[in-house]
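Below is one structure; the comments refer to it alone.
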Amino acid sequence: MTAALDTRLGIAKMKIAMIGTGYVGLVSGVCFSDFGHEVVCVDKDPRKIEMLERGEVPIYEPGLDVLMHKNVEAGRLSFTLDLASAIDGADAVFIAVGTPTRRGDGHADLTYVMAAAEEIAKAAKDYVVIVTKSTVPVGTNRKVKDVVAAANPALDFDVASNPEFLREGAAIDDFMKPDRVVVGVETDRAAAVMSEIYRPLYLRDFPIVTTDLESAEMIKYAANAFLATKITFINEIAALCEKVGADVKSVSKGMGMDGRIGNKFLHAGPGYGGSCFPKDTKALARIGQEHASPISIVETVIKVNEDVKRRMIDKLSDLCDGGFNGKTVAVLGVTFKPNTDDMRDAPSLTIVPALVGGGANVRVVDPQGKREGEHLLPGVSWMEDPYAAAEGADLLVILTEWNEFRALDLTRIAGSMAQARMADLRNIYALADAEAAGFTGYESIGRAGYGS
Ligand code: NAD
């Protein structure tokens, strides 16, 4: 270990290279530098590196800019396009590149991970731990080991699996105060490097689960698939609530108070989306099929989630007298959740094209979604102000529950619309609020509505 000891804190200052400066790599790199380590973040996208060198953050993540500036100024954090210089003398190199769904078969596409592994192998000179932070199928770390050994047979190295559990929108808190850190290793030497890197968390009693490579890889997929299942479960219960006259908010509350169930990820909505759940459920289902051990429950979750999104379109259509042609629809929120600019697999990417395709004139308001959303949602008008978007519209749709949309003046909105109808797909208002404000139609998820 080449690390120097910070005697003041008793923490060895590690030298870390972070490959990939996306949502995970950038947050992890910034937070590791805040632990006191020396971190160089690498990306192959010159636009991102230029922005970072200018002090600009390429993604929207609350608090990231402040923490990044602090650590750049302290001399612990830097950015480069040059992978070889970044890993020179590094104790650990983290691979945090994308693992999107491979076209056609649902498998995770490991092209970027393997390319990064090969580049690391060719550039590394001394002992280093190559850590996979990207979400990867079971067995990938062993493949990384083979790729590195083949590309640089003389290199002394270990691999480690260190899946990331942060949530966009709360990423810094999740990284700094994790429920747990998972580390999969094969050797004591790699375990020692990883425990030094995470020592600041260990010292504050955050649990570190140290296990083998395969179990670490499986923990990540199993955790995400479980959460996607929980969301999908409550979405199906919501559909039944609508039929039997129950209120899914009360049902979630009553269920969630059971300590064995818990209240998180139990909010009915328009279907899960985002950069992880859709691709990770598909990848886990695929791994199961390949090993003749199908995870039928996850296969069903994937199908039901598609049904949920389609049900939303029917709901909107019902509120528009059975069709969208010629209607003006104001959509509030298109990112897959609030406090991020990430549009990957957002429910809006299914719902908004159905509106546009059906002949609606669609106005979109999103505090951060425009930059990504502009090319993903052709044919819509982007607006800044929810009130202006609702003016003269036939339907108001709340699709992502940004705080900006939680306390709207509903009376003002209803009074300005051509048809005062609302689809509240995140259950942020109550039916009584809509009625009192003068809406002639209101539908939400798993609760009573009217006017459709
Ligand atoms: P991202 O697409 O935002 O970022 C990936 C970055 O890697 C890009 O900037 C890309 O240019 C860069 N890159 C690709 N190949 C490279 C190479 N050879 N050298 C240098 N840079 C390279 O992806 P993300 O959302 O940060 O996700 C990364 C991984 O983390 C995925 O496996 C994902 O499943 C996992 N993960 C994501 C989240 C999340 O909330 N986004 C949470 C937990 C885990």
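First listed ligand is number 1; within each ligand, the first listed atom is number 1. Residue indices begin at 1 and follow the sequence shown. Computed from a predicted structure; not experimentally measured.
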- Query: Between L110, T111, D43, D45, which one has a non-hydrogen atom sitting closest to atom 11 (O) of ligand 1?
  - Reply: D43
- Sub-4.0 Å atoms of ligand 1 with respect to non-hydrogen atoms of I19: 19 (N), 20 (C)
- Item | Nearest option to atom 27 (O) of ligand 1, as decided by whichever heavy atom of V24, L26, I49 sits closest | V24
- Message: Taking 4.0 angstrom as the limit and counting only heavy atoms of E168, give me the atoms of ligand 1 inside it, by number and element.
- Response: 39 (C), 40 (O), 41 (N)
- Message: Which of the numbered atoms in ligand 1 are under 4.0 angstrom from any heavy atom belonging to E119?
- Response: 18 (N)
- Task: Hey, could you give me the OG1/CZ distance between T300 and F233, rounded to the nearest 0.5 Å?
- Result: 13.5 Å
- Query: What are the atoms of ligand 1, with element, lying closer than 4.0 Å to any heavy atom of G98?
  - Reply: 5 (C)
- Between A96 and ligand 1, which residue portion shows a heavy-atom distance shorter than 4.0 Å: side chain, backbone, both, or neither? backbone
- Item | Identity and separation of the nearest protein heavy atom to atom 35 (C) of ligand 1 | T135 OG1, 3.5 Å
- Query: Quick one: does S275 get within less than 4.0 Å of ligand 1, heavy atoms only?
  - Reply: yes
- side-chain contact (heavy atoms from CB on, under 4.5 Å) with V136: which of L110, I95, V144? L110
- May I ask you to identify the nearest protein heavy atom to atom 25 (O) of ligand 1, giving residue, atom name and distance to one decimal place in Å? R344 NH2, 2.8 Å
Atom pairs and distances, donor-acceptor, side-chain atoms in residues 205-217, under 3.5 Å, two or more places apart:
from : atom 1 : to   : atom 2 : distance (Å)
D212 : OD1    : E214 : N      : 3.2
D212 : OD1    : S215 : N      : 2.9
D212 : OD1    : S215 : OG     : 3.0
D212 : OD2    : S215 : OG     : 2.8
E214 : OE1    : R142 : NH2    : 3.3
E214 : OE2    : R142 : NE     : 2.5
E214 : OE2    : R142 : NH2    : 3.3
E217 : OE1    : G139 : N      : 2.7
E217 : OE2    : T140 : N      : 3.3
E217 : OE2    : N141 : N      : 2.8
E217 : OE2    : N141 : ND2    : 2.7

- Query: So which heavy atom in the protein is nearest atom 32 (O) of ligand 1, and how far is it from that ligand atom?
  - Reply: T99 OG1, 2.5 Å
- Query: At under 4.0 Å between heavy atoms, which part of K279 makes contact with ligand 1: side chain, backbone, both or neither?
  - Reply: side chain
- Note on the structure: atom 7 (O) of ligand 1: closest protein heavy atom, distance to 0.1 Å, is G20 CA, 3.4 Å
- Task: If the plane angle is over 60° it's perpendicular, under 30° parallel, otherwise tilted; pick one for F32 and Y198.
- Result: perpendicular
- Note on the structure: Here the atoms of ligand 1 under 4.0 Å from any heavy atom belonging to E164 are 43 (C), 44 (C)
- Message: Just verifying a value: how many Å separate N71 CG and S78 OG, rounded to the nearest 0.5 Å?
- Response: 11.5 Å
Output side-chain donor-acceptor pairs under 3.5 Å for residues 259-271, partner residues at least two apart or in another chain, one line each.
from : atom 1 : to   : atom 2 : distance (Å)
R260 : NE     : D258 : OD1    : 3.1
R260 : NH2    : D258 : OD2    : 2.8

- Of all the atoms in ligand 1, which lie at a distance below 4.0 Å from a heavy atom belonging to K48? 8 (C), 9 (O)
- Say whether Y23, considering both its backbone and side-chain N or O atoms, lies within less than 3.5 Å of an N or O atom on ligand 1. yes
- Note on the structure: Heavy-atom proximity to atom 28 (C) of ligand 1, picking from V136, I95, V97, points to V97
- Considering only protein heavy atoms, which is closest to atom 17 (C) of ligand 1, and at what distance to one decimal place? K44 CD, 3.9 Å
- Query: Has R311 got more than 12 heavy atoms of other residues, nucleotides or ligands less than 6.0 Å from its CZ?
  - Reply: yes
